[in-house]
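Contents: one structure, followed by commentary.
Nothing here was measured: the structure is a model prediction, and the numbers come from that model.
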Amino acid sequence: MTIQPGDKLPSTTLVKATADGPDAVQTDEFFAGRKIALFAVPGAFTPTCSARHLPGFIDHLDDLKAKGVDEVACTAVNDPFVMAAWAKQAGAEGKVTMLADGSATFAKTLGLDADFSKIGMGTRSKRYSMIVDDGVVKELNVEQPGEFQVSSADYMLSQLG
């Protein structure tokens, strides 16, 4: 079953790269007491993700924070080293927190996993964005396959009013 607005995010582990190596991030701790703009992409360095999705959140970081967002985070079914390299290449370091979901555990737990096997990518995350306030999903924007509209930073800004 897919997570819905009003649901609490499940407790699971994501990983972020740090100068000291991979660091486990517990979702219940990461999302507690803060408003997080989270977006997910099928994969780091993939065309739409690199050309439009991540850059939109970088470009609108100050606008999102002005509307009460404490942090912007991105998740993908990639390892933390790939996520860190993507952040560096895209200019997202220190702006967007990159959270690796290497085994798709988070995506599967949310019911937002997708099978990209036909193009050689295996199990990935659907493209989506969500506003999470103190661990509770307030808005959830899941894209139709091949689309990029409702998960954008612009769309999220309209939801924040």
Problem set entry | Stepwise side-chain contact (heavy atoms from CB on, under 4.5 Å) check, N78 with W86 | CA-CA 10 Å; N78 289 110; W86 189 36; over 6 Å; no

For this session: Check the pair V72 / K95 against side-chain contact (heavy atoms from CB on, under 4.5 Å), numbers first and verdict last.
Result: CA-CA 7 Å; V72 175; K95 298 173 183 173; over 6 Å; no

For this session: Report the distance from atom OG1 of T97 to atom CG of L14, rounding to the nearest 0.5 Å.
Result: 11.5 Å

Problem set entry | Hydrophobic cluster membership, I131 vs L61, 4.5 Å side-chain cutoff | yes

Problem set entry | Gap between atom CZ of R124 and atom CG of D113 - 0.5 Å precision | 12.5 Å

Exercise. Does T105 offer a backbone N or O that forms a donor-acceptor pair with the side chain of S103 under 3.5 Å?
Worked result: no

Problem set entry | Pairwise distance OG1(T123) to CG(D115) - rounded to 0.5 angstrom | 5.5 Å

Problem set entry | Single-linkage hydrophobic cluster F57~V82, side-chain heavy atoms < 4.5 angstrom | yes

Exercise. Between S125 and V77, is there a donor-acceptor pair closer than 3.5 Å when you use the side chain of the first and the backbone of the second?
Worked result: no

For this session: Mark yes or no for whether D133, through its side chain, and K138, through its backbone, hold a donor-acceptor pair below 3.5 Å.
Result: no

Exercise. Should V96 and Y128 be regarded as members of a common hydrophobic cluster, given that ILVMFWY residues are connected when their side-chain heavy atoms come within less than 4.5 Å of each other, either directly or indirectly?
Worked result: no

Problem set entry | Close side-chain approach of P80 and K16, heavy atoms under 4.5 Å | no

For this session: For the residue pair F31 and F106, categorise the inter-ring angle as parallel (less than 30°), tilted (30 to 60°) or perpendicular (more than 60°).
Result: parallel

Exercise. Does any non-hydrogen side-chain atom of E71 lie less than 4.5 Å from one of L38?
Worked result: no

Seminar exercise, completed: For A92 and I58 the tightest heavy-atom approach is CB-CD1, 3.6 Å

For this session: Check whether any side-chain heavy atom of M83 sits under 4.5 Å from a side-chain heavy atom of L99, and report yes or no.
Result: no

Exercise. Any donor and acceptor pair, going by atom type alone, linking the side chain of D70 with main-chain N or O of R34 inside 3.5 Å?
Worked result: no

Problem set entry | Check: Q26 side chain, A24 main-chain N or O, donor-acceptor pair, under 3.5 Å | no

Exercise. Under 30°, 30 to 60°, or over 60°: which ring-plane class applies to F39 and H53, parallel, tilted or perpendicular?
Worked result: tilted

Problem set entry | N/O donor-acceptor pair under 3.5 Å between S129 side chain and A37 backbone | no

Exercise. Between atom NZ of K65 and atom NZ of K35, what is the distance when rounded to the nearest 0.5 Å?
Worked result: 14.0 Å

For this session: For P22 and F81, work out which heavy atoms get closest and say how close.
Result: CG-CZ, 3.5 Å

Exercise. Sub-3.5 Å donor-acceptor pair from the side chain of K67 to the main-chain atoms of G161, do we have one?
Worked result: yes

Problem set entry | Test side-chain contact (heavy atoms from CB on, under 4.5 Å) applied to I36 and F30, step by step | CA-CA 9 Å; I36 307 291; F30 182 79; 4.2 Å; yes

Exercise. Is there a donor-acceptor pair closer than 3.5 Å between any side-chain N or O of E143 and the backbone N or O of S151?
Worked result: yes

Problem set entry | Side chain T27, main chain T12, donor-acceptor under 3.5 Å | yes

For this session: Applying side-chain contact (heavy atoms from CB on, under 4.5 Å), run through V150 and V142 and close with a yes or a no.
Result: CA-CA 7 Å; V150 299; V142 182; 6.0 Å; no

